[in-house]
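Input: a single structure, listed below in structure tokens.
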Amino acid sequence: MPELPEVEIVRQSLNKKIKYKKIQKIIIRNRNLRFKISPEFEKSLINKEIKKISRLSKYIILYLEDNNYCIIHLGMSGTIHLVERNKNNFKTNTSFYSSQKLPKKHNHVEIHFGNLIMIYNDPRRFGFFKFIKSQNELSSFFKNLGPEPFSKSFNCNYVFNYFKNKNKNIKNFLLDQNFVSGIGNIYSSEILYLCKIKPLKKAKNLSLQKCKKIIYFSKYVLNKAIKKGGSTIRDFKNTLGNEGKFQDEFRVYQRENSNCRRKTCNGIIKKKFITNRSTYFCNVCQK
DNA sequence: AAGAGGCCCTGATAGC
DNA sequence: TGCTATCAGGGCCTCT
């Protein structure tokens, strides 16, 4: 589900709601996420204050006391819900709370901050929670991650040199988190459309100009998506259970057989599976 | 050793 | 209120 913009939306609301709060209780209903949640997980987090909430590519990082951290990844279908418990919506026979847009199934993790409760829901369980006990362990966890699109090191030199002699197509590079981190399947199609580059173009054949465009439009699309609250295709919801709005502005994603949105182009949007991921592009103006 | 493909999992939808 | 097949915002692991 969530690419950089969606994860950033979640981070922003966590930052407003749980910063400086103390974890008072943790309930794990299903430990079998992508990585199994260890039996010590609860003990490590309990009574710790959240000092800061940051994001690195598609990962959320909770900064805890004593140089401890908790990494959260939402996988394909993970959502985080913040619900307020009060007299009217508390049900004593379950831990769930009515009057919220909370799914009924797959609420795997609950972190309680007094009456405010953070609930992790994930039908497909590709996401995870991971406790990190030191700064070293934190940096080693991310050691293979490429620069974020917004970072200074995602520049023309880096991209152009990285692509030299690479036979892989550009679509796959945008999805490759070791090259650039945070872009996923939706935004890679959108970025390449704006760059007028066809997704199957070999990276080594991209000019310096095209590399510049890739950098520019990566930032452009992701920034715009963040401003619109992210994209909702099926699962993504913000912490209040509301959908994003950027899907209304897709130029190619899920627009198969529609006309190209460029006024001067008479192309048609095509869908093609590239290494098993659906990819959308204009058959005329992307070259 | 770069690059392609399978796989983890559940649910929604389309087609029969 | 049937099946069954296909596909979905990710990323790790294995094979060549």
Side-chain angles (χ1 to χ4, degrees), chain A residues 1-11 29-37 55-60 71-80 103-108 120-130 141-146 148-149 161-192 199-205 218 221-222 224-226 228-238 243-250 252-256 271-280:
Chain A
M1 150 245 285
E3 304 181 35
L4 189 153
E6 291 73 33
V7 179
E8 175 59 19
I9 295 303
V10 173
R11 186 203 66 82
R29 300 204 144 71
N30 188 346
R31 311 186 92 87
N32 298 311
L33 303 186
R34 174 140 63 94
F35 307 129
K36 191 154 193 151
I37 299 178
R55 178 193 56 71
L56 187 57
S57 84
K58 304 173 194 172
Y59 300 85
I60 292 167
I71 299 178
I72 305 172
H73 195 286
L74 305 176
M76 287 279 253
S77 57
T79 48
I80 289 179
K104 290 186 173 60
K105 293 174 73 176
H106 310 298
N107 293 310
H108 307 310
Y120 178 71
N121 182 282
D122 188 358
R124 295 177 74 181
R125 288 187 277 118
F126 290 166
F128 66 84
F129 278 64
K130 187 172 173 57
F141 186 88
F142 293 118
K143 67 176 185 298
N144 291 325
L145 214 54
E148 287 213 342
N161 287 325
Y162 199 100
F163 285 170
K164 272 182 189 160
N165 307 320
K166 296 289 202 309
N167 269 311
K168 199 153 79 167
N169 64 62
I170 180 60
K171 162 74 191 313
N172 276 347
F173 267 116
L174 291 183
L175 288 184
D176 181 348
Q177 304 298 301
N178 299 329
F179 164 61
V180 61
S181 65
I183 297 171
N185 202 43
I186 292 180
Y187 297 109
S188 59
S189 279
E190 295 295 315
I191 290 164
L192 289 175
L200 281 173
K201 180 103 176 172
K202 299 262 190 213
K204 65 178 175 187
N205 295 331
S218 297
V221 169
L222 297 176
K224 219 170 157 191
I226 291 170
K228 291 284 175 176
S231 306
T232 301
I233 300 306
R234 50 202 310 140
D235 294 323
F236 175 69
K237 304 282 191 312
N238 64 25
E243 301 189 340
K245 292 268 182 286
F246 190 70
Q247 64 278 9
D248 303 338
E249 305 196 15
F250 286 166
V252 287
Y253 196 82
Q254 290 192 333
R255 292 194 67 245
E256 191 183 11
K271 177 182 181 178
K272 191 178 178 64
F273 280 89
I274 300 179
T275 42
N276 281 327
R277 311 299 302 276
S278 60
T279 307
Y280 298 83

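Source: prediction; values computed, not measured.
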Could you give the [atom1]-to-[atom2] distance, from [X] to [N], as a whole number of Å?
X: Asn185(A); N: dC7(C); atom1: CG; atom2: P; result: 13 Å
X: Phe128(A); N: dC8(B); atom1: CZ; atom2: P; result: 19 Å
X: Lys171(A); N: dG5(B); atom1: NZ; atom2: P; result: 13 Å
X: Leu175(A); N: dG10(C); atom1: CG; atom2: P; result: 7 Å
X: Asn178(A); N: dA1(B); atom1: CG; atom2: P; result: 15 Å
X: Asn167(A); N: dT16(C); atom1: CG; atom2: C1'; result: 15 Å
X: Leu33(A); N: dG11(C); atom1: CG; atom2: P; result: 15 Å
X: Phe250(A); N: dA8(C); atom1: CZ; atom2: P; result: 13 Å

Check whether any side-chain nitrogen or oxygen of [X] sits under 4.0 Å from OP1 or OP2 of [N], and answer yes or no.
X: His106(A); N: dC9(B); result: no
X: Lys168(A); N: dA2(B); result: no
X: Lys271(A); N: dA8(C); result: yes
X: Asn172(A); N: dA4(B); result: yes
X: Ser278(A); N: dA8(C); result: yes

Closest nucleotide of DNA chain B for Phe173(A) versus for Asn276(A): which of these residues is on the 5' side?
Phe173(A)
Upstream residue (5' side of DNA chain B) when Lys166(A) and Arg125(A) are each assigned their closest nucleotide:
Lys166(A)
Got a sec: does the NZ of Lys166(A) have more than 12 other heavy atoms crowding it under 6.0 Å?
yes
Remember a base hit wins even if backbone is also touched, and classify Asp122(A) as base, sugar-phosphate or nothing at under 4.0 Å, heavy atoms.
nothing
Check whether the aromatic ring of Phe126(A) stacks on the base of dG11(C), taking stacking as ring centres less than 5.5 Å apart and planes within 30° of each other.
no
Which nucleotide in the list [options] gets nearest to the side chain of [X]?
X: Thr275(A); options: dC12(C), dG5(B), dC7(C); result: dG5(B)
X: Arg277(A); options: dT10(B), dA8(C), dG10(C); result: dG10(C)
X: Tyr59(A); options: dA8(C), dG11(B), dG11(C); result: dG11(C)
X: Lys105(A); options: dG11(B), dG5(B), dG11(C); result: dG11(B)

Look at the rings of Phe173(A) and Tyr162(A) and say which category their plane angle falls in: under 30° parallel, 30 to 60° tilted, over 60° perpendicular.
perpendicular
Can you tell me how the ring of Tyr120(A) sits relative to the ring of His108(A), calling it parallel under 30°, perpendicular over 60° and tilted otherwise?
tilted
dT16(C) - base-pair partner by Watson-Crick or wobble geometry, distances under 3.5 Å
dA2(B)
Is the closest basic N to carboxylate O distance between Lys168(A) and Asp176(A) below 4.0 Å?
yes
Would you check, one step at a time, whether the test side-chain hydrogen bond (donor to acceptor under 3.5 Å, both in side chains) holds for Asn121(A) with Lys104(A)?
CA-CA 9 Å; Asn121(A) 182 282; Lys104(A) 290 186 173 60; over 6 Å; no
If you go through the side-chain atoms of Arg124(A), does one of them form a donor-acceptor pair with the base of dC9(B) closer than 3.5 Å?
yes
Side chains of Tyr187(A) and Ser231(A): do they bring a donor and an acceptor to under 3.5 Å?
yes
When the P atoms of dC9(B) and dT14(C) are considered, how many whole Å apart are they?
16 Å
